[in-house]
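Just so you know, these numbers come straight off a predicted model, no measurement behind them.
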Amino acid sequence: MKILVVGNGGREHAMARKLAQSPGATVFITTGNAGTDEVATPIPIKPTDVDAIVRFAAAERFDLVAVGPEIPLAAGLADRLVEAGVTVFGPVAAAARLEASKAFSHEIMDAAGVPSARTHTFTDLDAALDHLSTCPVPVVVKADGLAAGKGVVVAMTRDQALDAARSFMADRTMGDAGDMLVIEEFLQGEEASFMCLTDGRTIRPLASARDHKRIFDGDRGPNTGGMGAYSPTPLVGPDNSPELVEKVMRPVIDELARRGIEYRGVLYAGLMMTADGPKVLEFNCRFGDPETQPVLTRFRGDLAATMIATATGRLEEAVFDFDSRVAVCVVAAAPGYPGKVSTGQAISGLRDAASIPDVFIYHAGTSKGPDSMPVVSGGRVLAVTALADDFAAARELAYRAMDRIDFAGIQFRRDIAASVSTHRENTGKP
Ligand code: AMP
Ligand code: GLY
């Protein structure tokens, strides 16, 4: 069975590793990184080059294309693969719009009655500034389109809110993504990442997770793509995930179906658990990064068969569950991240760190240097993930591994899963 993973980050390394464990699977990855070689053959086609991926997957008769990132999905990669007769894990562009346009996702949530923040949408800067001059603060200013997790400003003051609106719309810091602004009521509570597989009919929750979006310990500093994650979160488990499926996932999937759009793949809801109940912060049309690293590390089952079942409308038949141990994932980032990063530094200690039992090192922004040794090539560099019976033990393992790894200017948070590990009751199953 030939499987092509599209993407080159830590999420895709975790996908490729688990897919390679499926019986009879041979995994290829476009383009991969310095770590994916151990499980997948690299293919030199950019993950955003939709035409080339479709040509290659069809000509080489792949049995499954599993898409990691949102950009090719929003650009219609799944539509094109379906047309070419290739089985694809990932939604069509019309469904991926749930992530690609925050205004569209609010439109769907409103129509479907899914709880979310109150929202105002603007295509005119002056109108947005007028609104921000009088609305309550804190307030959240979002670029409508795709911005790699960097198009959201939680403004604590009115000036911050006005600056954010100007930078997105007038200075175009997020490019076209900022042509429309979504201004949201500020929600308070604890966050959770809730991912479900769906074939448009059946909906199957995955183990829950929590990510840490801010760059510095104590949730300080700017938002990033994610500096670490753990699974499960005690906020989402067997007690409430059936209700979340019915109140959040099913209404959205049904509302899309009413509009003639079938959602197949993984649907990710970023939730805020507020005093008034769970509310949706965002939908993503793909696996979260870095949540996928701890979640798929815990996945038990045949991932290739599960993805094919999802893609072909047979998700009901898929058999999988999750390791009862918990997982903690700590991201090592390049100096400068989430701003402009410096790259090219040699990475040491990887083998030593990976030799610790129950530690999995997923590569993200790495490539092979002149002597084939891994060097830093992107913002988020590694996702060091550990499995253990409780969060304290998983943290100890992950940080023991991280302390063996080094590159010039390495930055990572010391407090991933720290607050959860102090609660014994938080070590339960998903
Ligand atoms: P998003 O990419 O939309 O999930 O936003 C990124 C992060 O910004 C979220 O994980 C939250 O921490 C924060 N955020 C987004 N929307 C809101 C909101 N309405 N209220 C409070 N915080 C928010
Ligand atoms: N970790 C959040 C995301 O993947 O968007």
Side-chain angles (χ1 to χ4, degrees), residues 6 11 15 18-19 64-70 72-74 76-79 81-82 87-100 104-105 107-109 111-116 192-209 231-232 236-238 240-271 278 280-289 291-292 295-296 299 301-322 430:
V6 175
R11 164 184 54 205
M15 288 164 66
K18 195 52 84 169
L19 285 165
L64 170 67
V65 176
V67 186
E70 62 278 13
L73 291 168
L77 176 58
D79 311 59
L81 287 166
V82 170
T87 302
V88 55
F89 179 86
V92 293
R97 239 184 120 202
L98 270 186
E99 173 168 2
F104 177 72
S105 88
E107 180 192 323
I108 296 291
M109 284 192 276
V114 171
S116 179
S193 303
F194 184 53
M195 296 189 277
C196 290
L197 299 179
T198 179
D199 58 8
R201 215 161 27 99
T202 302
I203 304 172
R204 303 271 301 268
L206 300 175
S208 67
S231 170
V236 178
N240 61 350
S241 78
E243 189 187 339
L244 287 169
V245 166
E246 295 312 319
K247 292 209 165 132
V248 171
M249 297 295 186
R250 195 172 307 280
V252 160
I253 289 162
D254 288 352
E255 177 60 30
L256 289 174
R258 263 193 289 283
R259 298 173 186 222
I261 303 163
E262 186 170 59
Y263 197 108
R264 287 188 173 179
V266 56
L267 180 56
Y268 166 128
L271 301 174
V280 175
L281 294 174
E282 63 165 344
F283 279 111
N284 292 327
C285 64
R286 34 109 197 144
F287 282 118
D289 189 342
E291 291 94 325
T292 300
V295 168
L296 283 189
F299 182 91
D302 180 335
L303 184 60
T306 302
M307 285 186 170
I308 290 171
T310 305
T312 56
R314 294 180 296 103
L315 179 57
E316 216 170 36
E317 297 166 21
V319 181
F320 62 84
D321 64 3
F322 289 87

Do side-chain atoms of [X] reach the backbone of [Y] as a donor and acceptor pair under 3.5 angstrom?
X: Arg286; Y: Val67; answer: no
X: Glu282; Y: Gly270; answer: no
X: Arg264; Y: Gly200; answer: no
X: Asn240; Y: Glu243; answer: no

task = Start with the C-alpha gap between Met249 and Phe194, add the side-chain angles, then the distance that decides, and say whether side-chain contact (heavy atoms from CB on, under 4.5 Å) holds.
result = CA-CA 10 Å; Met249 297 295 186; Phe194 184 53; 3.7 Å; yes
Specify the closest pair of heavy atoms between [X] and [Y], including all atoms of both residues, with the distance to one decimal.
X: Val236; Y: Ser208; answer: O-OG, 2.8 Å
X: Ile308; Y: Thr312; answer: O-OG1, 2.7 Å
X: Leu64; Y: Ala304; answer: CD2-O, 4.1 Å
X: Pro238; Y: Pro242; answer: O-CD, 3.3 Å
X: Val280; Y: Ser116; answer: O-OG, 3.0 Å
X: Ala111; Y: Arg259; answer: CB-NH2, 3.8 Å

ask   = Is the Lys NZ or Arg CZ of Arg97 less than 6.0 Å from the centre of Phe104's six-membered ring, within 45° of the axis?
value =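 Yes, Arg97 sits over the ring of Phe104.
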For the [atom1] atom of [X] and the [atom2] atom of [Y], what is their distance to the nearest 0.5 Å?
X: Leu244; Y: Ile203; atom1: CG; atom2: CD1; value: 11.5 Å
X: Leu206; Y: Leu197; atom1: CG; atom2: CG; value: 4.5 Å
X: Asp289; Y: Arg11; atom1: CG; atom2: CZ; value: 5.0 Å
X: Tyr263; Y: Thr310; atom1: OH; atom2: OG1; value: 11.0 Å
X: Ile108; Y: Leu98; atom1: CD1; atom2: CG; value: 6.5 Å
X: Met307; Y: Met15; atom1: CE; atom2: CE; value: 4.0 Å

message = Checking Phe299 against Phe322 for the side-chain contact (heavy atoms from CB on, under 4.5 Å) test, could you report, in this order, the C-alpha distance in whole Å, the side-chain angles of both residues, the deciding distance, and whether it holds?
response = CA-CA 5 Å; Phe299 182 91; Phe322 289 87; 3.9 Å; yes
query = Do Glu70 and Asn284 pass the side-chain contact (heavy atoms from CB on, under 4.5 Å) test, and can you show the C-alpha distance, the side-chain angles, and the key distance before you say yes or no?
reply = CA-CA 8 Å; Glu70 62 278 13; Asn284 292 327; over 6 Å; no
message = Checking Phe283 against Val248 for the side-chain contact (heavy atoms from CB on, under 4.5 Å) test, could you report, in this order, the C-alpha distance in whole Å, the side-chain angles of both residues, the deciding distance, and whether it holds?
response = CA-CA 10 Å; Phe283 279 111; Val248 171; 3.9 Å; yes
